[in-house]
Each structure stands twice: as structure tokens, then as C-alpha cells.
Amino acid sequence: MEKMPYRVEMETAMIQLATETVMVQPASDAVVSSDWRKGLPTLRGEQVVLRELRASDAASLFTLLTTEEVARFISPPPSTVEGFERFIAWTLRQRAAGTYACFAVTLRGFDTAIGIFQIRETEPGFGTAEWGFVVGSAFWGTGVFQDGAELVLDFAFETLGAHRLEARAAVLNGRGNGALQKIGAVQECLLRRSFLRNGQYLDQVLYAILDSDWRESRTMMTTPAVLVH
């Protein structure tokens, strides 16, 4: 999601980030929750650990999001560390209300957020939902996105019970479009002049993944190949 419902004056949120460098801190023990409304579960992949955002992530997210490279295809993010603290507090309130989930992306063995994944309901009960994501540019092409995206999609379809998961990417955002296609999202239509950025309206592509498509793809990933002689 390139549009960001979160505004300081509105207290509503969607943020994406990317960066070049970040100081990585050692990981601390994380608590896994069985009820996501009381606290997001910790999701562990081969390379990444996804956890709920904390107030202490505000400084690193501010650094990650304020570069020209990052801001190119997103709504203006909070302009201060305090603004990110308010965003993080908002994510916790929306999670408790059962309408939104935001995961910090960290590397296994470390605890610094290098990106985020977000999911918000667009109809009650997450029948249809929208997701957004970004990881620091230093980690592009390393498999971090793929690893994290698989965890988030499993969470969306199996825990939230989503039927349809949508995402938008500006046509000019080649990396974002490529990432969505790589995870199996289907391009459905072009949203003409649907995203206002720096006084210019940009075209966006609407992508979707259905629960049945995702479960089928996961089955194919885990089914052993059969050798034919």
C-alpha cells in the first residue's frame, strides 16, 4: 500500500519503508501470543523474525523512512521520531480493535526493525484485506522479503481468515511490482491516476491473492517432486 491512511491529525495508518544502512541490535526474547488482538504472534522464518512494533523502533523507522529513495512512492511519513512513536501507538490500538496488524521485520539473531509488513481489513472480519510492505534497501535481493511475505500471507489467510488480500503498487515502482509478482499476486487492473504524490497523480496496479490460490501454492512448495523413469 502506497497510500498511508495514518495521519497525525487523523490518527489512522499505513507506512512503507526502505533504507540503505541501519545499526542492527541483538535480539531479545520475544513473547508469542495465541490471540493476535491481545498481541501479535512472533513469526519465524528462515532469515527473518516478524514481531509487533515497539515504541523503541521509532528512531530507526524515522531514519529508514526519511530518505529520498524511500519517500519516492509513499505518502509523506511522520516527520519526527515522536511522529513515529504516535504511529506505533496507533498500530497497537488498531490491533486491539481487531482491524489492523503491523509487524516489524527483524533478522534472526537481531532485534532492529529493518522493515514492516501491514494488513488492514477493508471489510469487517478481514474477508477482504489490504497489505503493504517494505524492507531496507540493504536487504533487497537477499530473500528477506520473500521469507517475510510468506509468513505474513500465512498469518492473513490462516489466522485472520482473509479470503482475498489486495495490494497496490505505482506503475513506476518496478521493485514493488516485481516483489508482488514474485510472491504470486495476480495483476487485476490499472487504477488510473489513483495516487497523489508530490502534486502529481500516478497510476497504480491492483494486485490480489486469494486464499485458495495461496493454499494451492503452499501445497506445491511442500509436495516432494516425483521422479519419472
Is Arg108 salt-bridged to Glu46, cutoff N-O under 4.0 Å? no
Strictly below 4.0 Å, N to O, side chains only: are Asp154 and Arg215 in salt-bridge contact? no
Between Asn177 and Asn173 (side chain of the first, backbone of the second, donor and acceptor by atom type, cut-off under 3.5 Å), is there such a pair? yes
Glu121-Thr99 side chain donor-acceptor pair, cut-off 3.5 Å: no
Residue that, paired with Phe103, satisfies ring pair (Phe, Tyr, Trp, His ring centres under 6.0 Å) out of Phe155, Phe117, Trp131: Phe155
Do the two ring centres, one from Trp140 and one from Phe145, sit under 6.0 Å apart? no
Quick check: do Ile114 and Thr106 have side-chain heavy atoms less than 4.5 Å from each other? no
Gln118 and Tyr100 side chains, donor-acceptor separation under 3.5 Å: yes
Say whether Thr122 and Glu130, considering side chains only, have a donor N or O and an acceptor N or O under 3.5 Å apart. no
Around Glu216, counting heavy atoms of other residues, nucleotides and ligands shown, do more than 12 lie under 6.0 Å from its CD? no
Got a donor-acceptor contact below 3.5 angstrom from the Asp35 side chain to the Arg37 backbone? yes
If you group Ile, Leu, Val, Met, Phe, Trp and Tyr whenever their side-chain heavy atoms sit less than 4.5 Å apart, what else falls in with Leu206? Leu191
List the atom of Ile209, the atom of Ala185, and the distance in Å for their closest heavy-atom pair. CG1-CA, 3.5 Å
Give a yes or no on whether a salt bridge exists between Glu188 and Arg164, defined as a side-chain N under 4.0 angstrom from a carboxylate O. yes
Between Asp203 and Phe195, is there a side-chain heavy-atom distance shorter than 4.5 Å? no
Salt-bridged, Asp147 to Arg44, with N to O below 4.0 Å? no
